[in-house]
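Have a look at the structure below, then the notes.
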Amino acid sequence: MKTATTIFQNGNHSWTVIARDPAKQTFLIDTNEYLISRDGEHMLTDPGGSEIFPAVFAALSTIIDPMRIDRLFASHQDPDIISSLGLWLDCNPKLRCYVSRLWSTFIPHFGGDDQSLQPIPDEGQQITLGLGKLFAMPAHYLHASGNHHLYDPDARILFSGDVGAALLPADESGLFVQDFDRHIRHAEGFHRRWMGSTEAKLDWCERAANMKIEMMCPQHGAIYKGADVERFINWFAELPIGPSTPERSHLNFSTKTHDA
Amino acid sequence: MTIRDPLGSPVDSHEFSQQLATIVGLTEGIKGVVAIASQINVMALNAIVLSQRAGEIAQGFGVISKELRALSMELTSLMNALSADAFTVVNLVSDQLRRERRYQLLRAAQLVLPDPSAPLNRVLAEQQTRFQSCTQEVHERRLCLLDRLEEARKLCRFGTAISRSAKIEAAFGQGFRSALGGVSQDFDKTIQTILPSIEALIDKVEHI
């Protein structure tokens, strides 16, 4: 079963990460789900795939009644992000899922309809949770063409979806980044291949650098805290990604046809 | 199809998959019958033309050919209705299959909860109600399929009887005896092939 760990608490306002399932099958990529609670309202970010629903649900039940979750936030449309939507709607048919407008007609293939899907405009939007506000921050092309992160200005936490993600070996699966240089090796390949646009990356880095971020919480891997957030932004800004990577020859971008 | 207690042993997805395979097989069988019916239709049309050419001596043969043509059209329309019913059942059973997977995942979540009695009982009970209502609908459609197939069986028996009458009529066809005889033989052979197909379809529906 996954474990629920509270990473931020200020009165009725908290962030809890659901992570690290020792029983998880190795063929499934590991994921982090974040529960944001404020004044009795609850939002779950990137709730995960349907196959890990039991593990996520059970971990959540150790801290709240999961049936009280009435909002989901999906950074993008991938199966490891939101294919459990139908199951969450079985639990709470009134639940609303915020996702980029680009995916609001794709995601109902996993479940839901035009009532349950709340399309986020390209420029992002403010989302009220309890007496506080969250901001869906545009992160398009990082990696999905319609992609948002979620910023909590009071907690100074940025849920960064796949940005900052790392594929960690079993013996380096701490919840927080301990040694940035050691950790980032496990993030490099992921970012080089999954992040497709240098222009979008630099734009994101510039915006993120101007935000007050105490914790940057990716959907895979470990959480960046304090100075490691800035370290990550600088590292990411410098990293060649997508078609700019030295490995581009593997990607068959050649103009030659296969027959030539 | 038996749906078990939602809090007891899980629903059997294999059962739904088998049902789905059976219904898909049924659709293939229906296509086979429609193909034969359309063959009879063309044969009957040719027989009508032949009997008109033969004149008064083939009047009876002409009447029988028209009956066989009407029969083939009725059979085709019956098979189309059967196909629509089978399509509905495919949808229902596919939906059961999808719901069953979701049921299993919800059930798995419930089993790992610290207090398994809450809070998923209500959700599982709702799923169970949906299963039951869907199962009832499949059951009703199955009865409807069986009714239509029974009707098709009667039509085929009638077709077999009149194709034999066509043979008798052909015997009185004087100069056209050989031509009419050949057509009536073809009628008989073709109609004989439908009945086993209908029986096979009935057998399939009985196993849904």
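So you know, we letter chains A, B, ... as the sequences are listed, proteins then strands, and number each from 1. Keep in mind it's a predicted model, so treat the numbers as computed, not measured.
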Could you look at R98(B) and say if it's the side chain, the backbone, both or neither that has a heavy atom under 4.5 Å from chain A? neither

Heavy atoms only, distances under 4.5 angstrom: which of R102(B), Q127(B), R122(B) has the most pairs with chain A? Name it, please. R102(B)

Run the ring-centre check on H191(A) versus H143(A) and record whether the distance is less than 6.0 Å. no

Please identify, among S61(A), G86(A), A59(A), the residue contributing the most non-hydrogen atom pairs under 4.5 Å to chain B. G86(A)

Is a side-chain donor-acceptor pair under 3.5 Å present for H186(A) with E172(A)? yes

Is the distance from the ring center of Y151(A) to that of F159(A) below 6.0 Å? no

Worked check of ring-ring contact (aromatic ring centres under 6.0 Å, His included) between F131(B) and Y103(B): CA-CA 10 Å; F131(B) 270 135; Y103(B) 179 90; 5.7 Å; yes

Check whether any side-chain heavy atom of S145(A) sits under 4.5 Å from a side-chain heavy atom of L102(A), and report yes or no. yes

For T31(A) and K24(A), does a side-chain donor sit closer than 3.5 Å to a side-chain acceptor? no

Based on non-hydrogen pairs under 4.5 Å, which of L105(B), V112(B), V123(B) is most in contact with chain A? L105(B)

Electrostatic pair R148(B)-D85(B), nearest N-O below 4.0 angstrom: yes

Residues of residues 36-52 of chain A with a heavy atom under 4.5 Å from any heavy atom of chain B, in residue-number order, are S50(A), E51(A)

I want to know whether Y98(A) and H148(A) have ring centres closer than 6.0 Å. no

Bottom line for D90(A): the part with an atom under 4.5 Å from chain B's heavy atoms is both

